[in-house]
Amino acid sequence: MKRIYLDYSATTPTHPEVVKAMLPYFTDVFGNPSSIHSYGQEAKGAIEEARVKVADLIGARGEEIIFTSGGTEADNFALKGVAFANESKGNHIITGSIEHHAVIETCKFLERRGFLVTCLPVDEYGLIDPGDVKKAITDKTILISVMQANNEMGTIEPIAEIGRIARDAGIYFHTDAVQVVGHIPVDVNELEVDLLSMSAHKLYGPKGVGALYIRKGTKLIPFMHGGDQERRRRASTENIPGIVGLGKAVELARQEMGEEAERLTYLRDQLIKGLLERIDHTCLNGHPLKRLPNNVNVSVDFVEGESMLLNLDLEGICASTGSACSSSSLEPSHVLLALGLSPEQAHGSLRFSLGKWTGEEEIERVLEILPRIVAKLRAMSPLLKSH
Amino acid sequence: MKRIYLDYSATTPTHPEVVKAMLPYFTDVFGNPSSIHSYGQEAKGAIEEARVKVADLIGARGEEIIFTSGGTEADNFALKGVAFANESKGNHIITGSIEHHAVIETCKFLERRGFLVTCLPVDEYGLIDPGDVKKAITDKTILISVMQANNEMGTIEPIAEIGRIARDAGIYFHTDAVQVVGHIPVDVNELEVDLLSMSAHKLYGPKGVGALYIRKGTKLIPFMHGGDQERRRRASTENIPGIVGLGKAVELARQEMGEEAERLTYLRDQLIKGLLERIDHTCLNGHPLKRLPNNVNVSVDFVEGESMLLNLDLEGICASTGSACSSSSLEPSHVLLALGLSPEQAHGSLRFSLGKWTGEEEIERVLEILPRIVAKLRAMSPLLKSH
Amino acid sequence: MRDVWSLYSEKVMEHFKNPRNVGEIENPDGIGHVGNPVCGDIMELYIKVNDSTIVDAKFKTFGCGAAIATSSMVTEMVKGKSIDEALEISNRAVAEALDGLPPIKMHCSVLAEEALKSAIEDYLAKSK
Amino acid sequence: MRDVWSLYSEKVMEHFKNPRNVGEIENPDGIGHVGNPVCGDIMELYIKVNDSTIVDAKFKTFGCGAAIATSSMVTEMVKGKSIDEALEISNRAVAEALDGLPPIKMHCSVLAEEALKSAIEDYLAKSK
Ligand SMILES: Cc1ncc(COP(=O)(O)O)c(C=O)c1O
Ligand SMILES: Cc1ncc(COP(=O)(O)O)c(C=O)c1O
């Protein structure tokens with residue numbers, strides 16, 4: 001059975017050309033970039049090339065890009081780095097209620113260390129109101145962090161508007177753009193952000209590498225303490241193959257992004273339309289238009305997400321759910337609850353995220369199979385009769 | 001010109017078999033281990049296999065191994081994790097003066113956040129006196145961190161003795177074993193350590209991945225905040241190829257370690273003996289016997305390290321120096337100064353670190369070339385006549 | 001290649017794919033209704049009792065793979081048992097009959113036990 | 001393939017490999033001695049002056065590649081210059097003559113300038 005992967009937002013396969021670009025850096029050009037001998041200097045050259053590629057993609061300068069071990073580290077670095085460096089100015093941080101756990105948990109850590117966090121609500125589509133951000137600002141506010149697009153239901157936030165508010169108030173502004181970079185155009189100057197997180201494995205690069213954009217002049221302390229790497233902003237021997245891989249992934253994304261976003265938007269809308277037509281009592285989560293080109297998230301009433309996922313997997317289709325039956329907390333997705341969904345609806349959510357190797361055939365197959373699965377599960381649902 | 005790499009302590013090339021083991025995990029088994037579908041579960045299986053291999057190598061249990069992005073993260077995690085989790089018990093940390101920057105800088109960060117750090121001296125060989133550790137303990141001490149072997153001059157510390165003292169006093173004990181794991185046997189129970197750092201790229205694994213051993217029951221908070229990965233101890237999508245690579249590297253190390261350590265010890269002693277014989281006014285840094293099998297560190301009077309390194313590099317030989325002429329601080333190695341060397345001697349140090357692809361031929365070539373380089377540089381040294 | 005089988009045992013997947021005793025019993029002698037939507041698992045268990053022996057059992061479940069499999073298993077286990085014997089069925093027994101559950105899913109077996117107990121209590125209360 | 005050339009310019013490496021004017025001048029008219037062992041760079045610069053013109057210059061240097069190259073370059077630059085012209089030689093000029101230095105190494109060019117100034121001062125003090 002041919003498997004159909006529709007979980008590109010969780011992680012993407014590494015592009016074969018990216019792997020090819022990385023390979024020499026494992027065994028041949030393997031030096032430590034901090035070494036002054038030739039092995040080291042070759043490695044350093046490769047890193048600097050990748051840095052410029054990443055910077056170019058988002059309208060930044062090379063020196064403003066610091067490589068990290070992924071999106072989570074970039075988020076931790078941005079938030080803790082700014083918070084600890086600007087304590088004398090204030091202790092207040094503003095963020096949203098649908099952020100990734102990397103931001104939420106970091107905020108909780110900072111709260112335990114004396115910071116004050118305001119968590120802004122979102123509307124039914126998951127949109128933050130820039131007006132709310134403005135109202136939340138106090139003279140103690142040192143940082144605003146709002147994600148550019150949500151990983152679960154794909155809503156794209158009004159970052160440029162928030163950026164302008166932050167700029168006017170002289171407050172640092174961070175955005176988690178992990179789901180966006182490489183998929184749709186991102187420009188740090190248009191968005192007026194000071195810090196921006198990205199992660200290679202969401203754009204056909206390798207896992208375990210990411211980057212934080214840090215606008216020149218931004219005051220922040222390191223998160224990873226140690227040696228003098230990355231202009232003393234991030235210690236640890238550089239993951240050269242990973243960084244080269246990110247550089248290559250960014251290069252490919254740049255070439256393909258425009259066409260690919262269009263192609264995926266079409267497929268996305270086909271899938272959404274098909275699902276809503278063929279399965280009754282189903283609704284789309286997230287904004288219908290201000291939405292990542294590859295994200296489909298629906299709630300199917302009366303059935304639970306994991307049981308749909310397992311059935312899909314048995315048919316070779318890989319997707320994900322906001323049901324947290326398999327997580328240790330048992331609570332359904334905080335994102336879907338923030339949109340106002342009931343716990344049952346949140347547990348009954350499915351995310352299909354599309355990518356490079358998704359075509360019409362894959363969409364057709366989901367539309368053929370999911371209705372059957374839902375019918376089977378609804379037949380055993382105790383929720384159905386009560387409606 | 002065939003290049004001779006003698007900087008294995010800075011980083012090792014990734015073993016071709018390790019690269020081979022990693023490859024399928026980029027493009028085929030690429031799922032996110034948090035996903036319940038088959039792609040995710042396959043990836044999860046690979047991680048758990050690697051975890052057991054790493055645990056086995058150091059006498060630990062799989063659940064006690066948490067994968068990180070390298071040695072620096074493992075050190076940051078251990079120190080910050082224990083410090084922030086045990087503040088209510090005390091705020092005192094004991095460490096040594098020759099630790100890696102990953103430990104030193106993390107301690108400095110913790111000092112700025114209200115912790116008290118005692119930095120113990122070492123003797124002329126770089127050895128910490130366990131008696132000093134005992135004396136430094138107060139009722140506020142929550143953590144002792146002493147590296148197992150020094151990366152610059154190879155001295156192996158009396159970890160088991162310190163471990164016993166820590167255990168008796170009920171204080172957590174961390175060791176940075178980045179230079180040791182995979183090279184000589186390490187057993188966390190013999191050493192009585194609670195936390196132990198390692199890094200894959202020091203043992204022919206890939207850069208950007210490492211691990212922290214955390215003894216069961218150890219109270220520490222996460223360093224990388226976010227998702228529920230790694231039993232909620234370390235967030236971020238797992239670097240599956242990297243982790244698989246570390247597992248493979250550990251597997252190879254286990255098979256080859258015994259013989260390889262013997263072979264390298266022989267070559268090491270040949271190189272030390274040859275250098276001291278052929279170049280006058282030269283001394284060995286570090287302990288002559290309690291020493292990593294692959295470390296040679298000498299100070300050559302009257303000449304500066306970088307200028308020796310560049311000349312060696314021009315002859316195709318890659319080594320390193322404790323001279324920090326090329327670092328931003330300009331201060332020579334804190335490790336060599338802690339041994340009691342003068343700044344000139346520290347600036348005149350060279351480290352040759354041997355490895356898998358080092359043979360007698362390479363040693364011979366260094367012994368042939370370095371004396372010529374030293375003679376040339378001494379001829380232009382203003383320090384020579386004054387002696 | 002591994003697949004979902006590595007999350008769940010073969011037995012769990014078998015019961016998940018082909019759950020036994022799905023549905024409701026008309027005029028049941030006892031109904032158990034447990035779970036809550038926040039946790040994402042809701043079970044309804046129906047029993048038919050004859051002469052203190054459970055002669056039939058059926059279920060309806062909203063929940064994950066483990067919730068469906070434990071519902072299926074517990075209804076199988078209970079059929080033909082006396083009320084007293086049925087009360088002895090523990091969540092561990094259900095999990096074991098399924099060749100084990102992932103630790104994170106043990107709460108599903110607890111739910112199955114509770115659903116059974118609740119159905120029996122309902123029966124006992126009605127038959128008083 | 002890149003190599004150390006990527007750290008230093010070709011010109012720096014050329015002067016490092018074949019430094020000009022190494023050594024001491026017997027009975028020099030001026031000696032400059034600058035630097036300190038903590039920073040790892042010590043330069044000694046000797047000049048021979050005739051009729052207010054520097055007719056010869058030599059150096060001895062303990063230091064990194066850049067320190068050796070700047071010493072070599074500054075002694076080259078100074079030869080044939082008048083004292084006044086020599087005093088105009090800035091560290092930037094030395095670095096530029098070497099096709100630049102990495103930012104972290106600019107202090108070596110400062111040292112070279114200082115060594116020259118100090119040798120000239122020594123000459124001026126002596127010739128007073
Ligand atoms: C929006 C968002 N932020 C952060 C992350 C974390 O990235 P990583 O897994 O590379 O640490 C992810 C994905 O996991 C994400 O989707
Ligand atoms: C003793 C020691 N600790 C920590 C580190 C840091 O490891 P990494 O470069 O993997 O972060 C190193 C090497 O760089 C080391 O030698």
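Lettering follows sequence order; numbering is per chain, from 1. Values below: all heavy atoms of this structure, side chains included; hydrogens, waters and symmetry mates excluded.
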Distance col, row B:Thr14:OG1 vs A:Phe30:CZ, nearest 0.5 angstrom, shows 9.0 Å
Is a salt bridge present between B:Glu105 and A:Arg232, judged by a nitrogen-to-oxygen distance below 4.0 Å? no
B:Tyr25, part contacting chain A, at a heavy-atom distance under 4.5 Å: neither
Who wins among A:Phe77, A:Tyr5, A:Tyr204 for the most heavy-atom pairs under 4.5 Å with chain B? A:Tyr5
Roughly how far, to the nearest 0.5 Å, is the NE2 atom of A:His15 from the OG1 atom of B:Thr27? 11.5 Å
For chain B, which candidate among A:Ala319, A:Gly245, A:Gly40 shows the most heavy-atom pairs at distances under 4.5 Å? A:Ala319
To the nearest 0.5 Å, tell me how far B:Ser38 OG sits from A:Leu312 CG. 11.0 Å
Return the minimal non-hydrogen interatomic distance between A:Ser69 and B:Ser236, and the atom names on each side. O-OG, 4.4 Å
What option among A:Asp28, A:Thr68, A:Thr11, A:Asp75 has the most heavy-atom pairs under 4.5 Å with chain B? A:Thr11
Here the gap from A:Met224 atom CE to B:Thr106 atom OG1, rounded to the nearest 0.5 Å, amounts to 9.5 Å
Let me see the working for B:Arg113 and A:Glu87 under salt bridge (Lys or Arg N to Asp or Glu O under 4.0 Å), right down to the final yes or no. CA-CA 11 Å; B:Arg113 304 220 63 82; A:Glu87 263 174 311; 2.8 Å; yes
Examine whether an atom of B:Ile240 lies under 4.5 Å from a heavy atom of chain A, and if so say whether it belongs to the side chain, the backbone or both; otherwise answer neither. both
Which atoms of A:Ile243 are under 4.5 Å from chain B, going by heavy atoms: the side chain, the backbone, both sets, or neither? neither
Before giving the answer on side chain to side chain contact (heavy atoms under 4.5 Å, CB included), spell out for B:Leu23 and A:Val19 the whole-Å C-alpha distance, their side-chain angles and the decisive distance to 0.1 Å. CA-CA 8 Å; B:Leu23 278 180; A:Val19 179; 3.7 Å; yes
Identify the residue among A:Lys202, A:His201, A:Lys207 that makes a side chain to side chain donor-acceptor pair (under 3.5 Å) with B:Thr237. A:His201
Between B:Asn76 (side chain) and A:His225 (backbone), is there a donor-acceptor pair under 3.5 Å? yes
A:Arg234, part contacting chain B, at a heavy-atom distance under 4.5 Å: side chain
Using heavy-atom distances under 4.5 Å, tell me whether B:Leu79 contacts chain A through its side chain, its backbone, both, or neither. neither
Would you compute the distance between atom CD of B:Glu73 and atom CZ of A:Phe223 and round it to the nearest 0.5 angstrom? 6.5 Å
With a 4.5 angstrom heavy-atom cut-off, could you sort out which part of B:Lys80 is near chain A: side chain, backbone, both or neither? side chain
Taking the six-membered ring for Trp, are B:Phe26 and A:Phe26 parallel (under 30°), tilted (30 to 60°) or perpendicular (over 60°)? tilted
Checked B:Asp7, B:Val103, B:Ile104 vs chain A; the most non-hydrogen pairs under 4.5 Å come from B:Asp7
Please look at B:Thr12 and chain A and tell me whether the side chain, the backbone, both or neither of the residue comes under 4.5 angstrom of a heavy atom of that chain. backbone
Out of B:Gly71, B:Gly31, B:Ser320, return the one with the most heavy atom pairs under 4.5 angstrom to chain A. B:Gly31
